[in-house]
> 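I have a structure here, written as C-alpha cells, and I will follow up with some questions on it.
Letters go in sequence order (proteins before strands), and every chain restarts at 1.
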Amino acid sequence: NLNSQTTAFLLCKRWALYSVTPLYKFSRAHLKAYAKLLSAYIATEKQKGVAVEVGVELDIKVAVSSLPDLKGSHQDEAAILVQISLRSQASQKMSEEKLVWSGWFCSVCGDDLSKNVPADFICLPVFLANGAESYTSIVGSWFQKTFDCCFHRLAISPLNLSWMAAMWTGCKVEENTSAIELVFSVPHLPQSLDISYAIHPEDAKALWDTVQKTPGEITQEEVDVFMDCLYSHFHRHFKIHLSATKLVKVSTAIASAHCDGIIKFLQSQYITEVLMLLTELAISQIQ
Amino acid sequence: MLRRKSSKTPKEPLQGRQKSQSDLSAWLKRGRIDPEKSVQDHQSLGDQENDSKQEDSLEPALSYFAKVQDHVSVKSNSALQRHLATVESIALQRGLPPEAFNVLLSAALSDKLADTVNARLLKSLIPDSVIPETSVVSAVSWLCVSKCSSNIQVLFLRWLITVFDLIDHKEDLCALYGFFFYYLQDEKMCPYICHVLYLLTRKENVKPFRVRRLLDLQAKMGMRPHLQALLSLYKLFCPELVSITLPAKTKIYFKNIEGPWKAAIKTIRQRKLENSPVPQPLFLGTARPEARKRKWNTQLMIPATSTNRSHLEEVREKNHYLYSTDEYFPVELLQTFPQLLQNIHHLEFPSQMGSVLTNPLLLHYMNCTKDESVYLRLYYWLGQTLQEECTWCVVENSQNEEEFKNFLEILCRVQCFLHEGLAPCEEFLYRSLPLWDGLCCRSQVLRLVSWIPLNSFSEMKSYLYDPLALLFFTSSLYFKCSVLESLKRLLQNWLNWQMVHLDSAADFQTHSLNTTFSGLVNTVAELIHFVGMISTASLCLESNHTFLLYFILEFYETVCDMYLKYNMPLLIMPPAGVFYPVLLSMDPVNLNQLCYIMYRYRANLVAAKENERSKKEIQQFRFTSETYQEYNQYITAMVGCLWTSNVFQKDTHPQGLRMDDELLNKTTVKEFKTSFNIVYHPAMIGYAVQFLQQAWPDDTTFNFSLIKGKKWNWYLEYLYSKGLEGLKVFIESSISRVSQASRNKA
C-alpha cells in the first residue's frame with residue numbers, strides 16, 4: 001500500500017533511530033514556513049554570528065513534506081519527511097541540488113500514545129535519520145526548540161533483537177534471499193570480538209515453523225526456544241555458549257537492525273510491519 | 001522651529017513619570033530609585049550647607065547657557081568659565097535637577113560653543129533623579145541638524161546609553177527610532193547607534209526593510225558584535241524574519257561605556273538611597289554547569305528560556321485581522337516579579353517547558369495555569385531526561401554523576417518552591433530506587449522521596465517501601481536517620497497537601513481526584529505503619545542508638561498531632577518496639593520527647609472523643625477502641641515507670657514490663673520497684689545527682705531517698721528548670737497529683 005517512490009527512497013539506507021515525545025503545536029498547514037525557518041536556522045548554525053534573512057535563497061535548502069501513505073491505523077498521523085540539500089555553487093543557473101541529509105518522523109499503530117494526548121500535540125514517536133550527524137543534531141535541536149519535544153537515541157535491546165530475528169525469519173519473501181546473519185559480541189575482552197552466525201534462510205524458516213504454534217502469533221517462549229535451538233547448534237560445532245554473549249545485530253531479507261539503534265529496510269512490503277515494532281519500542285521508551 | 005521648542009520645554013511640568021516604561025532596564029531600576037524624593041532628604045548636614053551656596057548659582061549658570069550667543073570664545077571669557085565650573089561642581093556634588101537638561105543639552109549640541117566646552121558640558125550631565133524625555137528629544141533633533149562635530153555626537157550617544165534608564169519616559173524617544181536607525185550608516189556612530197537601538201527596539205520596530213538594511217551592513221562590515229546583538233534582538237521579536245545563532249564564546253556585545261557618568265551617578269544614587277531596602281531577585285540557582293562536549297543530545301542541559309516560535313507564526317497570520325504585533329511579551333525579557341504581574345495577561349510559556357525549572361517567575365506563572373498541555377510538555381521532557389541521565393540506571397553515564405546531582409538538586413528546589421511533587425520525579429523514583437546503591441546523589445534522592453505526591457496508589461509498597469527497606473536495613477546508621485527524616489517530611493507534605501486540597505475540594509462538592517478520602521487516609525496509615533516497622537527493626541539492629549531514637553521520635557511528633565494540627569482523622573500509636581526502648585532509654589532528651597508526644601496523643605484523643613460525642617465527625621472515621629486501649633496501656637506503663645513505681649505489676653501491654661516479683665528478686669537489685677522513676681531512671685539519675693549536690697552540698701553519700709515529699713516537688717521544679725518541658729506537660733496533664741491537690745486545697 002506504499003507508493004513505490006516512497007519505498008525506493010526508504011529502502012537500503014542506514015537509518016539512525018530516535019524516539020521523539022509528542023510535538024507541541026505542530027501544524028501541517030505550515031510545512032513550507034517550517035522549511036524556511038529551518039533552512040535559515042541551519043545556515044546560522046553552520047556559520048555562527050552571521051544573521052540570515054528568513055525566506056531568502058540559501059545554499060542550503062530544506063524541504064518539509066508529508067508522506068500520507070506511511071501510517072498504520074487511522075489514528076496515526078501521516079509521516080513527516082525533512083530533506084536537506086545543498087545547491088552547488090559552481091552551477092547556480094543549473095540549480096543543481098544534492099541531497100545530503102534526510103530524516104522522517106512516523107507512527108505506525110501508535111494508538112497507545114496518541115489516545116492519551118491532548119489535541120495540541122501530534123504523536124510521531126519514531127524519528128529516522130540518514131546523513132551527517134551534524135545535520136541530525138541541528139534539525140533535532142530545531143524541532144526540540146520549536147515544538148518542545150525530546151529526541152533520544154532508540155537503542156534496541158538484545159531481547160528485542162531476538163524478537164526481530166524470529167519474526168523476520170518467519171516472513172515469506174519471494175526472491176531468492178540472502179542468509180540470516182546474527183552478530184554477537186563477546187563482553188569483557190581486552191579487544192572486541194564479534195561472532196557472526198549465518199544461517200541459510202530456508203533452514204531458519206524450517207526451524208521457526210517447528211517452534212511457532214499458531215501462525216500470526218508469537219510468544220516470548222517461542223522466541224526463546226528458537227534462539228536456544230540456534231545456540232545449541234552453534235555450541236555443538238564450536239563449543240561456544242552464545243547465550244553468554246550479547247546479540248548486537250540481526251540481518252535478514254526483511255531488514256537489518258543493530259543494537260545501537262540503526263535499521264535498514266530491505267523489503268518494501270514489510271516496511272510498515274517493521275515500523276510498527278519500532279513505534280512500539282519508541283513508545284515504551286517515551287512512557 | 002527647533003529653538004521655539006527648546007525654549008518652551010523647560011517650563012513644562014514633568015508629567016506622569018515612569019507611566020509606561022515597559023523595557024527591562026526601567027523595571028530593573030524601579031525600586032532602587034525614587035525620583036519623588038528630593039536630594040536634600042538624604043544628605044548630611046555638612047553637605048547641605050555647602051550645597052545651598054552653590055544652589056543659588058546654578059540658576060544664573062542655566063540662564064547664561066540658555067542665552068549664550070553663537071561662537072563664544074573660551075579663552076578670556078571669565079563668565080563662561082565660571083558658569084561652566086558651577087555646572088560641573090554641582091553635577092558632581094549632587095547631580096543636576098531635571099529642568100537643567102534641556103538648556104545644557106541644547107547648548108552643548110548646538111554649534112554655539114567650542115567643542116571643548118560642549119564636551120565638558122556633556123560630561124557633567126549627571127542627573128540627580130530623572131532626565132525629562134523632552135530634553136532628550138530636542139537633543140536628538142539638534143543631532144539631526146548635524147551642526148555638532150562627530151566627537152560630540154558620539155559623546156552624546158554614549159551619554160544617552162549610560163543614562164537611558166533614568167529618562168522619565170520613552171514614548172517620544174521610541175518614535176524617533178527611524179532617525180536613530182538612519183545614523184547606522186555613519187561608521188563612527190554605528191556601534192553606539194546599535195546600542196541605542198538595542199535599548200529602544202520594540203516588536204513593532206522590527207520591519208523587513210530594517211532587517212535587510214542590517215544584513216547589508218553585516219555584508220559590508222562583516223561580523224560586528226554590536227550588529228550581532230541588534231540582529232539577535234530582532235530575531236527574538238521576529239524569528240520569522242531573521243535568524244542568527246550567536247557564537248558561544250562571545251559574551252559582551254556592547255563595549256562597556258565607562259565615560260565620566262557611571263561612577264558619579266552611582267555615588268549620588270548611593271548617597272540618596274543608603275537606607276532604602278533593595279528588593280532581592282528571586283533565585284533558584286540558575287547557574288548552569290559548563291557544557292561539556294558530548295554527543296548530540298546525550299548532554300544534560302536545561303533549555304534556555306526562549307519565546308515560543310511555533311505560535312508566532314499563527315499570530316502573524318491572525319495579525320491582519322485581530323491582534324496587534326506586540327501582543328506577546330517575550331519571556332526572555334521577563335526578569336522581575338512586577339514585570340510578571342504587569343504582563344501576565346499576555347505572557348506565553350517558553351518554547352521549551354524544561355526551561356521553567358530554572359526560572360522562578362515562570363514557575364509562579366505555571367502554578368497559576370490550569371492548562372494541561374503545559375504540564376504535559378514539562379513532564380515529557382523531564383521524564384525523558386531523568387530516564388536518560390540517571391547515572392545508576394544507564395551504564396555509560398556513570399561519569400556524569402556531578403551533572404546529574406545538580407539536576408536533581410534543581411528538581412528538589414523546584415518541588416520545594418511549588419510545594420508540590422512532579423509526576424515524572426515520582427515515576428523516576430519508582431523505576432530507579434530498586435537499582436539505587438543508596439550513595440549516589442543520596443541527599444537529592446531522599447529529598448525527592450519526601451515530595452512523592454499523596455494518592456491512593458496501591459503499588460506503593462512494592463515500588464517505594466520494599467526497595468527503601470532493603471537499603472535501610474543494609475546501610476549505616478546515618479543513612480537510616482536520613483531515610484527517617486525524609487519520610488517525616490513526606491508525611492508532613494502529605495498532611496499539608498490533603499489539608500489544602502480538601503478545603504478546596506469541599507467547595508466543589510466533588511473530588512477532582514479520582515481517589516476517595518478514605519483511600520488517602522489508608523495511604524497515610526500505610527506510611528506510618530511502614531515507619532513503625534522499620535523503626536522497630538532498626539532499633540534492634542543499632543541497639544537502641546540515641547541518634548536513631550531521636551529521628552524516630554521526630555517522626556512520631558508529627559504523627560501524634562495529625563488530628564488536631566492537620567484535620568486527619570487518624571491516630572496511630574508507636575509500636576511497642578519503639579515505645580519501650582524510649583521509655584527505658586539512657587538519654588533524657590528522648591525521654592522528654594516521649595513525654596511530650598504522649599501529651600499530644602492525649603490532647604488529640606480527648607479532642608476526638610469530644611467531637612465524637614457532639615456527632616461532628618463522620619462515623620466512618622471514628623478512632624477504634626484499640627487506639628484508646630493502646631494509649632491507656634502505654635500511659636499506665638509510663639506513669640507506673642516514672643511516677644508510681646509499680647510498672648512491674650501494673651503494665652498490661654503484652655510486650656510490656658510486667659514481671660513477677662520472683663523473677664525480679666533474682667536480679668538481686670534491692671530497690672527494683674523504684675529503679676525507673678524520675679529519680680532513679682538511667683536517663684534522669686544525672687539530674688538527681690546534680691540536684692542532691694545543690695540541695696545538700698556537704699552530703700557525699702548520694703542518698704536519693706531524700707528526694708521525697710516537699711523535696712520531690714523541688715526536684716520536679718529543678719527538672720523543669722533544666723528544660724524538660726515535655727516532662728512538665730506530661731506530668732501536669734496525665735498525673736493527678738494528690739499532694740498538689742491537697743496543697744491547692746490548703
> Is the backbone of Ala51(A) close enough, under 3.5 Å, to the side chain of Gln218(B) for a donor and an acceptor to pair up by distance?
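Here the side-chain-to-backbone pair exists.
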> Does Asp148(A) reach the main-chain N or O of Met353(B) with its side chain, forming a donor-acceptor pair under 3.5 Å?
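Looks like yes, one N/O pair under 3.5 Å.
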> What part of Gln384(B) lies closer than 4.5 angstrom to a heavy atom of chain A: side chain, backbone, both or neither?
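Interface part for Gln384(B): both.
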> Show, in sequence, the C-alpha distance, side-chain angles and deciding distance for Gln285(A) and Glu388(B), and conclude whether the side-chain contact (heavy atoms from CB on, under 4.5 Å) test is met.
CA-CA 10 Å; Gln285(A) 179 158 306; Glu388(B) 291 293 317; 3.8 Å; yes
> Distance from Phe147(A) atom CZ to Ser351(B) atom OG, nearest 0.5 Å?
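One finds 10.5 Å between CZ of Phe147(A) and OG of Ser351(B).
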> Between atom CD of Glu45(A) and atom OG of Ser243(B), what is the distance when rounded to the nearest 0.5 Å?
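Here the rounded value is 8.0 Å.
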> Quick check for you: to the nearest 0.5 Å, what is the distance between Gln47(A) atom CD and Thr245(B) atom OG1?
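So the gap between those two atoms works out to 11.0 Å.
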> Quick one: what part of Gln352(B) sits under 4.5 Å from any heavy atom of chain A, side chain, backbone, both or neither?
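Looking at Gln352(B), backbone and side chain both touch chain A.
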> Sort Met223(B) into side chain, backbone, both or neither according to what part of it lies under 4.5 angstrom from a heavy atom of chain A.
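Just the side chain, heavy atoms under 4.5 Å.
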> Quick one: of Gly49(A), Ser134(A), Ala43(A), Gly55(A), who has the most non-hydrogen atom pairs under 4.5 Å with chain B?
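Highest number of pairs under 4.5 Å: Gly49(A).
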> If you count heavy atoms of other groups shown closer than 6.0 angstrom to OH of Tyr463(B), is the number above 12?
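At most 12 heavy atoms, drawn from other residues, nucleotides or ligands, come within 6.0 Å of this atom.
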> Using a heavy-atom distance cut-off of less than 4.5 Å, which residues of residues 116-126 of chain A contact chain B?
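Within residues 116-126 of chain A, the residues under 4.5 Å from chain B are Val117(A), Pro118(A), Asp120(A), Phe121(A).
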> Just wondering, more than 12 heavy atoms not from Lys46(A) lying within 6.0 Å of its NZ?
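Result for NZ/Lys46(A): enclosed.
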> CD of Gln228(B) to NZ of Lys48(A): how many Å apart, nearest 0.5 Å?
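If I round to the nearest 0.5 Å, the distance is 12.0 Å.
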> Heavy-atom count check: over 12 atoms from other residues, nucleotides or ligands less than 6.0 Å from Glu187(B) CD?
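At most 12 heavy atoms, drawn from other residues, nucleotides or ligands, come within 6.0 Å of this atom.
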> Which of the residues Leu215(B), Leu231(B), Leu378(B) is involved in the greatest number of heavy-atom pairs with chain A at under 4.5 angstrom?
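Top count of heavy-atom pairs under 4.5 Å with chain A: Leu215(B).
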> What's the spacing between Glu53(A) CD and Ile244(B) CD1 if we round to 0.5 Å?
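If I round to the nearest 0.5 Å, the distance is 13.5 Å.
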> Roughly how far, to the nearest 0.5 Å, is OH of Tyr380(B) from CD1 of Ile286(A)?
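Output value for this atom pair is 7.5 Å.
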> Is it the case that more than 12 heavy atoms not belonging to Lys246(A) sit under 6.0 Å from its NZ atom?
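No - once you tally the heavy atoms of other residues, nucleotides and ligands closer than 6.0 Å, there are 12 at most.
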> Does CZ belonging to Arg14(A) count more than 12 external heavy atoms closer than 6.0 Å?
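At most 12 heavy atoms, drawn from other residues, nucleotides or ligands, come within 6.0 Å of this atom.
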> Is it the case that atom CE in Met366(B) sees more than 12 heavy atoms from other parts of the structure closer than 6.0 Å?
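Yes - once you tally the heavy atoms of other residues, nucleotides and ligands closer than 6.0 Å, there are more than 12.
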